[in-house]
Amino acid sequence: MKDFRVRFAPSPTGALHIGGVRTALYNYLLAKKMNGTFVLRIEDTDQKRYVKGAEDYIIQALEWCGIMPSEGQGLGGDYGPYRQSERRELYQQSIQQLIDNGNAYYAFDTPEELDAMRKRLEEAGGSVRNYCIFTRMDMKNSLTLPADEVAKKLASGEPYTIRLKVPADQTVVVNDVIRGEVKFETNTLDDKVMMKGDGLPTYHLANIVDDHAMKISHVIRGEEWLPSTAHHVLLYRAFGWEDEMPQFAHLPLILKPNGKGKLSKRDGQKLGIPVFPLSWDSDKPEDAFTGFKEFGFEPKAVINFLAFLGWNPGTEQEIFSLDELAEAFSLEKVGVSGARFDFDKAKWYNQEYIKAMDNTALAEKVKPWLSEEALQKGDDYLAAVCGLLKERVEVLPDFKEQSSYFFGPVQAYDDKNVKKRWKPENLARFEELKNMLAELSTFDAATAEAEVARFMAKHELGNGQVFPVLRLALAGTMKGPGVFEVMEVMGKEKVIMHFEAAFDYFEKLTKVS
RNA sequence: GCUCCUGUCGUCUAAUGGUUUAGGACACCUGACUUUCUAUCAGGAAAUGCGAGUUCGAUUCUCGUCGGGAGUGCCA
């Protein structure tokens, strides 16, 4: 039995998209379940698109998500180096092998000539529009040019690419774990470039060579790779590695929240939702993105959410830890059609994780969003506030918005409701209540409530005449936790201070208008 | 254009050739609880794209059709 080895092979061309994170997650889960190895390989063969910092970002993102590979770039292992830019020799040898056994050929066509060819074919209106079995003999390559001219061109340093010579009249059958048999006719396949003019391999070549060299047993990747998998099978054959070919599994795409097409980074900006795990900074504002982390998401919630985008355990359980996911996960249960990104569901997951969190731990998580003033109130106080608010919070920054009155004066009062609730006779009465509360020796929710009840009985007041006023005075808003719970957490002194400021304001507001 | 993938509530999905009034979750609506907002609980509305065929019976299998997606680069 072959060792179970999977890999995540991103390109360092920018921030790691949430779709990539899900691919990594599924690989991680399977490796864990199968007691296998999860490898990280950096596919940096496109020097034009290389972005500095992207590799670090990828590693940080995987780390934040808690789905780090155990072998690969930055992690060590027996199959390195794990950056493709450092494996050029291997690719050179491999491509030479293909040239030697007649499965690849040199092509000297310039980009302009290729454009012209495509344009010509398109105008001709036929179904063939690329460099392939039907057109290769019309082009400038080692199949059409005399051997001595080819040798001369190579010797002269004229730029060239090396293309795969796709065989004619064959049917390639890809056995996809998720989709079953997928068939391709080689006559419809193009002669893909394997080696670029700059001497670096394309994805196709490097990927196959590396997966083979790194003894990858299962290739789990996005559906966008399915159409080129025929070429990959052809490559395994050309190398004589077909017996060791990994199993393929193509994951459904993640689609836009609404509208057409797959999720893109632009959707994040347009809709104000995160589509990256971590923020990505850029000088250009259009290239800077806010991540799930900075949006106030818990990594566990993001993972839970992502796992369910295209996969389902078949039970009614919705909340899964990483270990539970690894236990329950299987490729057979991965869906086949695209999954729409649903931000509401992501927020729901986050709320579930926040609610389940211990108050002290939650307070730690919330700290980055709080003011210096709030932090100075101490961890216990913070934890108590978190405990009161956590049921009405979806993402961490919600705490900041909803908790300010616990840490300082009320920022803004709900004037509309103040006018509705504050009557001319209120001042005297509530001053009296304030004084009653001020004299309490123990100040907790129960005693405060009892005292307020005494006050209401004395003046024959109903809940509706008292509670909204208290809430307004304490929080400035009609929303929030129970007033007595708020009082207990705030403590007597702060409650009195809030009352004084509020009654003053209420008077002024109702007098002038 | 060509190639490949795909089509169950608005969304993510479950299920099975008949045991299904097609199940769950998010979102939505109603009610209960509560001083409010949440949370919670109880309800509600909501789907097998369409057309043939196979079959005693199809949402499930086949074909067609229409729709959605991806690929079609000296990007990955």
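Computed from heavy atoms alone, side chains included, the values below leave out hydrogens, waters and symmetry copies. As the structure is a computational prediction, the values presented were derived from the model and not from experiment. Per chain, numbering begins at 1; letters A, B, ... match sequence-line order.
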For [X], answer base if it contacts any base atom (sugar-phosphate contacts may also be present), sugar-phosphate if it contacts only those atoms, and nothing otherwise; contact means non-hydrogen atoms under 4.0 Å.
| X | value |
| --- | --- |
| A:P481 | base |
| A:G480 | base |
| A:W225 | base |
| A:K256 | nothing |
| A:T45 | sugar-phosphate |
| A:D109 | base |
| A:S228 | nothing |
| A:P111 | base |
| A:F308 | sugar-phosphate |
| A:V483 | base |
| A:G125 | nothing |
| A:F184 | sugar-phosphate |
| A:G261 | sugar-phosphate |
| A:K347 | nothing |

Please confirm whether the shortest side-chain N or O distance from [X] to OP1 or OP2 of [N] is below 4.0 Å.
| X | N | result |
| --- | --- | --- |
| A:R163 | B:C74 | yes |
| A:R118 | B:G73 | yes |
| A:K355 | B:U40 | yes |
| A:T202 | B:G73 | no |
| A:K196 | B:A76 | yes |
| A:K262 | B:G69 | no |
| A:K48 | B:C75 | yes |

Among A:N207, A:L164, A:N103, the one residue meeting side-chain contact (heavy atoms from CB on, under 4.5 Å) with A:L235: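 Only one option passes, and that is A:L164.
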
Heavy-atom donor-acceptor pair, A:R179 side-chain to B:C5 base, under 3.5 Å: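 For A:R179, whose side chain was compared with the base of B:C5, there is no donor-acceptor pair (under 3.5 Å).
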
N/O donor-acceptor pair, side chain A:R340 with base B:C12, under 3.5 angstrom: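 Looking at the base of B:C12, it does not pair with any donor or acceptor on the side chain of A:R340 (distance under 3.5 Å).
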
Partner lookup for [N], please. Criteria are Watson-Crick or G-U wobble with both distances under 3.5 angstrom; report none if nothing qualifies.
| N | value |
| --- | --- |
| B:C2 | B:G71 |
| B:U35 | none |
| B:C61 | B:G53 |
| B:C66 | B:G7 |
| B:A46 | none |

Round to the nearest Å and state the distance from [X] atom [atom1] to [N] atom [atom2].
| X | N | atom1 | atom2 | result |
| --- | --- | --- | --- | --- |
| A:E391 | B:C41 | CD | P | 11 Å |
| A:D344 | B:C28 | CG | P | 7 Å |
| A:L474 | B:U36 | CG | P | 16 Å |
| A:I58 | B:A76 | CD1 | C1' | 12 Å |
| A:K345 | B:C28 | NZ | P | 13 Å |
| A:I133 | B:C2 | CD1 | P | 20 Å |
| A:I178 | B:G69 | CD1 | C1' | 16 Å |
| A:L121 | B:U72 | CG | P | 17 Å |

Of all the choices, [options], which nucleotide is nearest to the side chain of [X] once you look at every atom?
| X | options | value |
| --- | --- | --- |
| A:Q351 | B:C12, B:A39, B:U36 | B:A39 |
| A:N130 | B:U72, B:C5, B:U3 | B:U72 |
| A:N312 | B:U36, B:A14, B:A76 | B:A14 |
| A:L114 | B:A76, B:C74, B:U11 | B:C74 |
| A:S337 | B:U6, B:C74, B:G71 | B:U6 |
| A:K192 | B:U72, B:A25, B:G69 | B:U72 |

When you compare [N] with [M], how far apart are their [atom1] atoms, in angstrom units rounded to a whole number?
| N | M | atom1 | answer |
| --- | --- | --- | --- |
| B:C50 | B:U72 | C1' | 30 Å |
| B:G1 | B:U11 | P | 26 Å |
| B:G7 | B:C12 | C1' | 15 Å |
| B:C29 | B:G68 | P | 30 Å |
| B:A14 | B:A25 | C1' | 11 Å |
| B:U19 | B:U34 | P | 44 Å |
| B:U59 | B:G49 | P | 10 Å |
| B:A39 | B:U20 | C1' | 33 Å |

Within 45° cone of A:Y105 ring axis and under 6.0 Å: A:K165 NZ or CZ: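 Checked: cation-pi criterion not met.
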
Lys NZ or Arg CZ of A:R163 over A:Y131 ring: under 6.0 Å, within 45°: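 Judged by the rule, A:R163 and A:Y131 form a cation-pi pair.
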
Within-4.5 Å side-chain heavy-atom neighbours: A:F8 and A:R41: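 No. Closest side-chain heavy atoms not under 4.5 Å.
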
5' priority, RNA chain B, between A:M195 and A:R471 [closest heavy atom]: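 Counting from the 5' end, the first nearest nucleotide belongs to A:R471.
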
Residue whose closest nucleotide on RNA chain B lies nearer the 5' end, A:V336 versus A:R129: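 It is A:R129 whose nearest nucleotide is closer to the 5' end.
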
Donor-acceptor pair between A:S404 and A:Q411 side chains, under 3.5 angstrom: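 No, no side-chain donor-acceptor pair sits under 3.5 Å.
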
Ring-base stacking, A:W348 with B:C26 (5.5 Å, 30° cut-offs):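 One would not call A:W348 stacked on the B:C26 base.
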
Under the ring-ring contact (aromatic ring centres under 6.0 Å, His included) test, residues paired with A:F467 that sit two or more places apart: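 ring-ring contact (aromatic ring centres under 6.0 Å, His included) list for A:F467, sorted by chain: A:F484.
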
By ring-ring contact (aromatic ring centres under 6.0 Å, His included) - contacts of A:Y160 (at least two apart):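 Expected list: A:Y106.
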
SB check A:R87 A:E89 (cutoff 4.0 Å):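 Between A:E89 and A:R87 there is no salt bridge, as every charged N stays at least 4.0 Å from the carboxylate O atoms.
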
A:F248 and A:Y236 aromatic ring geometry - parallel, tilted or perpendicular at 30°/60° bounds: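 Geometry flag for A:F248 against A:Y236: perpendicular rings.
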
A:Y349 and A:F308 aromatic ring geometry - parallel, tilted or perpendicular at 30°/60° bounds: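 If you compare the ring of A:F308 with that of A:Y349, the planes turn out tilted.
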
